[in-house]
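Each remark here refers to the structure printed beneath this line.
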2 protein chains.
Amino acid sequence: MAAESSIRRDTQAASEEGEALVPAMFQNLIGYHLRVAQETSFQAFARAAGKADLKPGWYALLTALAERESMTPSELSRICGRDRSTLTSSLKALSHRGLIARRRNPDDQRSYSVKLTEDGRKMQERLHEIAVVQNARLDEIAGEDKAVLIDVLGRIAATFGTQDF
Amino acid sequence: MAAESSIRRDTQAASEEGEALVPAMFQNLIGYHLRVAQETSFQAFARAAGKADLKPGWYALLTALAERESMTPSELSRICGRDRSTLTSSLKALSHRGLIARRRNPDDQRSYSVKLTEDGRKMQERLHEIAVVQNARLDEIAGEDKAVLIDVLGRIAATFGTQDF
DNA sequence: GCAAGATAGTTTGGTGTCAAATTATCTTGC
DNA sequence: GCAAGATAATTTGACACCAAACTATCTTGC
């Protein structure tokens, strides 16, 4: 595992040893801790997925598709919280790799729907396994605070996510 | 304010009305809620800063510099948790806009240090005001759970941020 | 001293994201 | 029926980010 180690060790990013020490000014800021927690945990997921040669960014897309059988890009955009223009390129990549299939909507020539292919489903399942492990780790860390954590995070998302400025 | 409204309203992104409804598969996943909470709250900050024509991404950088008088790019990288290569372009932009000044290190020709200019300090202060408002909002939402929230987020960051894979 | 290795910063290439503008198609009001 | 507006997706342009490769400089061991 020394070899594995070095992959991470010689990167130029932060999170090395001696260490950052939360800048005093940020210590009490929820937003700061939110960002750091989210970034580090996502990166852990990305690393785990990357080792298995999987694209972590596809997980949300594939999982949403795994639940609905078929969706238009716009629906997927709403569900995943990404701009439609972002979906255009993601779907192009997924399609190119044979993970999804597109089908024109006969009732509306502007629109089409996408669904998982067999390969897409397999990829989703492999990513899901990694996500499950990652999430078990998070559950363990949160321990008895999990319910409170999810509740507060939900309140934050609800407050900022629904108001139109 | 109808005009303000439309800026946001006609974007193609999600977080519109009827609305996403958390996909069942994600409902219980801490990672998912973490991501959504962080993204929505950051976007709220970015919108607020954007209205005042400020670059939200510069806040962390300028604030770190506001606390230390002078730092090298590498130190800033560690403190802000960004890759050194990311800093290169950020610092170029900040410098170009006269918000920071660079000074070569006479003892080491490879290195230099950056410090805030007067304009940089002003920008930091204006961004800070917005951050304070934003954070008051978060504090309000978190309410009595704030301490638990920060604690759990800190544990998450500590766990994923310090292990070398 | 000087070669080998470490370190500071930059460059290059790739990803993911948003927003604005664009194209094609559909719907509505008259 | 047809013009005006709405809607679905795409294109284009801009950023922020990371990682790997690179350049220049410093440090160390001998």
Side-chain angles (χ1 to χ4, degrees), chain A residues 6-16 35 38-40 42-44 46-47 49-50 54-61 71-78 80-97 102-114 165, chain B residues 6-16 35 38-40 42-44 46-47 49-50 54-61 71-78 80-97 102-114 165:
Chain A
S6 72
I7 290 173
R8 184 64 193 139
R9 184 170 290 302
D10 64 7
T11 185
Q12 301 171 335
S15 77
E16 309 289 304
R35 181 173 70 79
Q38 135 70 13
E39 283 180 357
T40 55
F42 177 75
Q43 279 162 17
R47 275 197 301 274
L54 302 176
K55 297 286 205 163
W58 292 351
Y59 176 55
L61 255 25
M71 254 182 291
T72 65
S74 291
E75 286 167 335
L76 205 47
S77 156
R78 266 186 300 105
C80 294
R82 304 281 144 231
D83 194 272
R84 289 201 276 142
S85 62
T86 300
L87 277 259
T88 296
S89 44
S90 302
L91 295 179
K92 193 181 294 179
L94 290 173
S95 176
H96 187 258
R97 265 157 252 230
R102 304 160 120 118
R103 211 195 67 235
R104 277 243 77 87
N105 177 352
D107 296 344
D108 187 339
Q109 289 308 118
R110 293 170 303 183
S111 184
Y112 64 85
S113 58
V114 289
F165 289 80
Chain B
S6 70
I7 290 173
R8 182 66 193 138
R9 183 171 290 302
D10 65 8
T11 185
Q12 301 170 337
S15 79
E16 308 290 303
R35 181 174 68 82
Q38 135 70 13
E39 284 180 358
T40 54
F42 176 75
Q43 279 162 16
R47 275 197 301 275
L54 303 176
K55 297 284 206 163
W58 293 349
Y59 176 55
L61 256 22
M71 253 182 291
T72 64
S74 291
E75 286 167 336
L76 205 47
S77 155
R78 267 184 301 106
C80 295
R82 304 281 144 230
D83 194 272
R84 287 199 277 144
S85 61
T86 300
L87 280 246
T88 296
S89 44
S90 303
L91 294 179
K92 195 181 293 178
L94 290 173
S95 175
H96 187 258
R97 267 155 250 230
R102 304 158 119 121
R103 210 195 68 234
R104 280 233 87 79
N105 177 350
D107 295 343
D108 186 340
Q109 289 307 118
R110 294 168 303 181
S111 185
Y112 63 86
S113 58
V114 289
F165 291 82

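Everything quoted here is computed from the prediction, not taken from an experiment. In what follows, every chain begins at residue 1, and chains take the letters A, B, ... in the order their sequences are listed.
You'll find that the side chain of A:Trp58 is closest to C:dG16, out of D:dC18, D:dA16, C:dG16. Comparing atom distances between the A:Lys92 side chain and each of D:dT11, C:dA19, C:dT11 picks out D:dT11 as nearest. Nearest to the side-chain atoms of A:Ser85 among the listed nucleotides C:dT17, C:dA20, D:dC18 stands C:dA20. Side-chain atoms of B:Arg82 lie closest to D:dC18 of the nucleotides D:dT25, C:dT17, D:dC18. Residue A:Arg102 places its side chain closer to D:dT10 than to any other of D:dT10, D:dC18, D:dA16.
Atoms CE and CZ, on A:Met71 and A:Arg78 in that order, are 9.5 Å from each other to the nearest 0.5 Å.
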Enumerate the protein-to-nucleotides 6-8 of chain C contacts in which both atoms are nitrogen or oxygen and the separation is below 3.5 Å.
from  : atom 1 : to       : atom 2 : distance (Å)
C:dT7 : O2     : B:Arg110 : NH1    : 2.4
C:dA8 : O3'    : B:Ser111 : OG     : 3.4

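Listed by first residue number, the stems of DNA chain C with at least three Watson-Crick or G-U pairs below 3.5 Å are C:1-30 with D:1-30.
Map A:Lys55 and A:Gln109 each onto its nearest nucleotide of DNA chain C; the residue landing nearer the 5' end is A:Lys55.
Nucleic acid contact for B:Arg104: none, since no nucleic acid atom lies under 4.0 Å from a heavy atom of the residue.
Considering every non-hydrogen atom in both B:Pro56 and B:Phe42, the closest pair reads CB-CZ, 4.1 Å.
Rounded to a whole Å, the CG atom of A:Leu61 is 14 Å from the C1' atom of C:dT15.
Contacts of B:Arg97 classified as side chain to side chain donor-acceptor pair (under 3.5 Å), with partners at least two apart in sequence or in another chain: none.
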